[in-house]
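Everything quoted here is computed from the prediction, not taken from an experiment. Because only heavy atoms are used, hydrogens play no part in the values below, and waters and symmetry mates are left out as well, while side chains stay in.
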Amino acid sequence: LLSTVALIYERIVCRSLDSVIAATPHIGKKFAAVNANTTVINNFPIAGELLTERAANEELTSICYVGGIDENRGIKTLVQSLEHVESSVQLDLVGKFSNAMLRNQLQTTTGWRKVNELGFLDRLEVREVLGRSLAGVVTFLPAPNHIYAQPNKMFEYMSAGVAVIASNFSLWKKIIEGNNCGICVDPTDPKALAKAIDYLSQHPQVAREMGERGKLAVHETYNWASEERKLLTLYEDMSQ
């Protein structure tokens, strides 16, 4: 009942607004049905902000996860996958756990031995982690609010020139596989995730090429500069 009331109230309010700004095309489609003056402003990264120069022959032996750490964001599957990884790859885990119980559970698993828990880091420190990473992982579980999401971390990995291992949602596959900048896997399957990690570890040149293509895609399309222009144009139109 509360959800229905909130939905009705949301529609009434949105009809009366001069404009609605949505964070993803999926959300934009929803609000466009209520207010025709709906603009999608994607939360894309600033191109080059997290990019570091790496030597062409530098051996990369770690993958990373950066962001909030929660079961719905696939942390259990990710740590479990490390039990099946045959290479010497370690996981740099950046961020804070949503609850201590989850962290305590994972610490008792075999896969945790390959985890470097780094906690919360600032942007410069995150850039350093990305600079030594073979790939960035964003394997959210298939919850309704994940399937059509555009997680900022995915584009940040790309902007840093890092290959991406992502969930095999249709939208994400279009971005990752469409730009040939990573591998999409079943986020509920630890062995599938381990296979992707081992493949990139065993084919470092492929991983580098994927990273370069991801960086190019951000430079050309998935960058904040293009979204900023849309937002400023909207403000200018509304002020007239």
To the closest 0.5 Å, what do you measure between CG (L231) and CG (N42)?
11.5 Å
With clusters defined by side-chain heavy atoms of hydrophobic residues (ILVMFWY) lying less than 4.5 Å apart, directly or transitively, does F44 cluster with I41?
no
Does any non-hydrogen side-chain atom of F155 lie less than 4.5 Å from one of I175?
yes
Quick one: does Q240's side chain have a donor or acceptor within less than 3.5 Å of a partner on D237's backbone?
no
Testing the basics here: between V40 and E227, what is the closest heavy-atom pair and its distance to 0.1 Å?
O-OE1, 3.7 Å
Given side chains that start at C-beta, do those of R132 and S62 come closer than 4.5 Å, heavy atoms only?
yes
Heavy-atom neighbours of M238 CE exceed 12 at 6.0 Å
yes
Going by heavy atoms in the side chains, are Q150 and P25 under 4.5 Å from each other?
yes
Quick check: is L17 connected to F31 through a chain of hydrophobic side chains (ILVMFWY, heavy atoms under 4.5 Å apart)?
yes
Name the one of L7, I12, V13 that satisfies side chain to side chain contact (heavy atoms under 4.5 Å, CB included) with Y9?
V13
Atom NE2 of residue position H219 - does it have more than 12 heavy atoms of other residues, nucleotides or ligands inside 6.0 Å?
no
For residues L51 and L60: do they belong to one hydrophobic cluster (side chain heavy atoms under 4.5 Å, members Ile, Leu, Val, Met, Phe, Trp, Tyr)?
no
Of all the heavy-atom pairs spanning N35 and N37, show the shortest one and how long it is.
OD1-N, 2.8 Å
Mind checking whether V94 and C64 have side chains closer than 4.5 Å, heavy atoms only?
no
Looking at every heavy atom in both R73 and G68, which two are closest together, and how far apart are they?
CD-O, 3.3 Å
Please name the residue in the list D186, T188, N72 that meets the side chain to side chain contact (heavy atoms under 4.5 Å, CB included) test with P142.
T188
Taken to the nearest 0.5 Å, the spacing of T233 OG1 from E228 CD works out to 10.0 Å
Could you tell me whether the side chain of L50 reaches within less than 4.5 Å of the side chain of P45, counting heavy atoms only?
no
Identify the two heavy atoms, one from G131 and one from T52, that lie closest to each other, and give their separation to 0.1 Å.
CA-OG1, 3.1 Å
List the steps and the verdict of side-chain contact (heavy atoms from CB on, under 4.5 Å) for R127 and L124.
CA-CA 5 Å; R127 186 172 66 181; L124 291 177; 3.4 Å; yes
Tell me the closest heavy-atom pair linking A166 and T139, and the distance in Å.
C-CG2, 4.0 Å
ILVMFWY network linking Y222 to Y157, side-chain heavy atoms under 4.5 angstrom
yes
Verdict with reasoning, I183 to M210, per side-chain contact (heavy atoms from CB on, under 4.5 Å):
CA-CA 9 Å; I183 301 173; M210 286 180 171; 4.1 Å; yes
Side chains of E117 and F97, heavy atoms from C-beta outward: is any pair under 4.5 Å?
yes
Side chains of L141 and K76, heavy atoms from C-beta outward: is any pair under 4.5 Å?
no
So with a 6.0 Å cut-off around CD of E86, is the heavy-atom count from everything else above 12?
no
Taking atom CG of D92 and atom CD of E128, what is their separation to the nearest 0.5 Å?
11.5 Å
Counting neighbours of NZ on K114 that are heavy atoms of other residues, nucleotides or ligands and sit closer than 6.0 Å, is the number greater than 12?
yes
Look up atom CG in L193 and atom CD1 in I197, then write down how far apart they are to the nearest 0.5 Å.
4.0 Å
Return yes when atom OH of Y148 has more than 12 non-hydrogen atoms of other residues, nucleotides or ligands closer than 6.0 Å, and no otherwise.
no
Check V164, N223, L216 against M158 for a side chain to side chain contact (heavy atoms under 4.5 Å, CB included) and give me the one that passes.
V164
Looking at SG of C184 and NZ of K173, how far apart are the two atoms once the value is rounded to the nearest 0.5 Å?
7.0 Å
Let me confirm one number: the OG-CG distance from S159 to N152, rounded to the nearest 0.5 Å.
8.5 Å
Derivation and outcome, side-chain contact (heavy atoms from CB on, under 4.5 Å), residues D122 and E125:
CA-CA 5 Å; D122 63 29; E125 292 169 322; 3.2 Å; yes
Determine whether V206 and Y199 make a side-chain contact, defined as any pair of heavy atoms from C-beta on separated by less than 4.5 Å.
yes
Using modelled atom types and a 3.5 Å cut-off, is there a donor and acceptor pairing between side-chain atoms of W172 and backbone atoms of A149?
yes
Quick one: does N179's side chain have a donor or acceptor within less than 3.5 Å of a partner on G214's backbone?
no
Checking K153 against E156 for the salt bridge (charged side-chain N to carboxylate O under 4.0 Å, His left out) test, could you report, in this order, the C-alpha distance in whole Å, the side-chain angles of both residues, the deciding distance, and whether it holds?
CA-CA 5 Å; K153 72 173 87 287; E156 288 186 336; over 6 Å; no
Around atom NZ of K230, are there more than 12 heavy atoms from other residues, nucleotides or ligands closer than 6.0 Å?
yes
Nearest non-hydrogen partners of L82 and G111, listed with the distance
CD1-O, 3.5 Å
Ignoring hydrogens and angles, tell me if any N or O in the side chain of S98 forms a donor-acceptor pair with the backbone of D70 under 3.5 Å.
no
Would the distance check show the side chain of S167 and the main-chain N or O of F140 forming a donor-acceptor pair, the cut-off being under 3.5 Å?
yes
Donor-acceptor contact present, side-chain S81 to main-chain L78, <3.5 Å:
yes
Spell out, yes or no, whether I27 and W224 are grouped together once hydrophobic residues are joined by side-chain heavy atoms under 4.5 Å, including indirect joins.
no
Verify side-chain contact (heavy atoms from CB on, under 4.5 Å) between K30 and E10, making sure each step is shown before the conclusion.
CA-CA 12 Å; K30 168 189 171 183; E10 180 183 81; 3.5 Å; yes
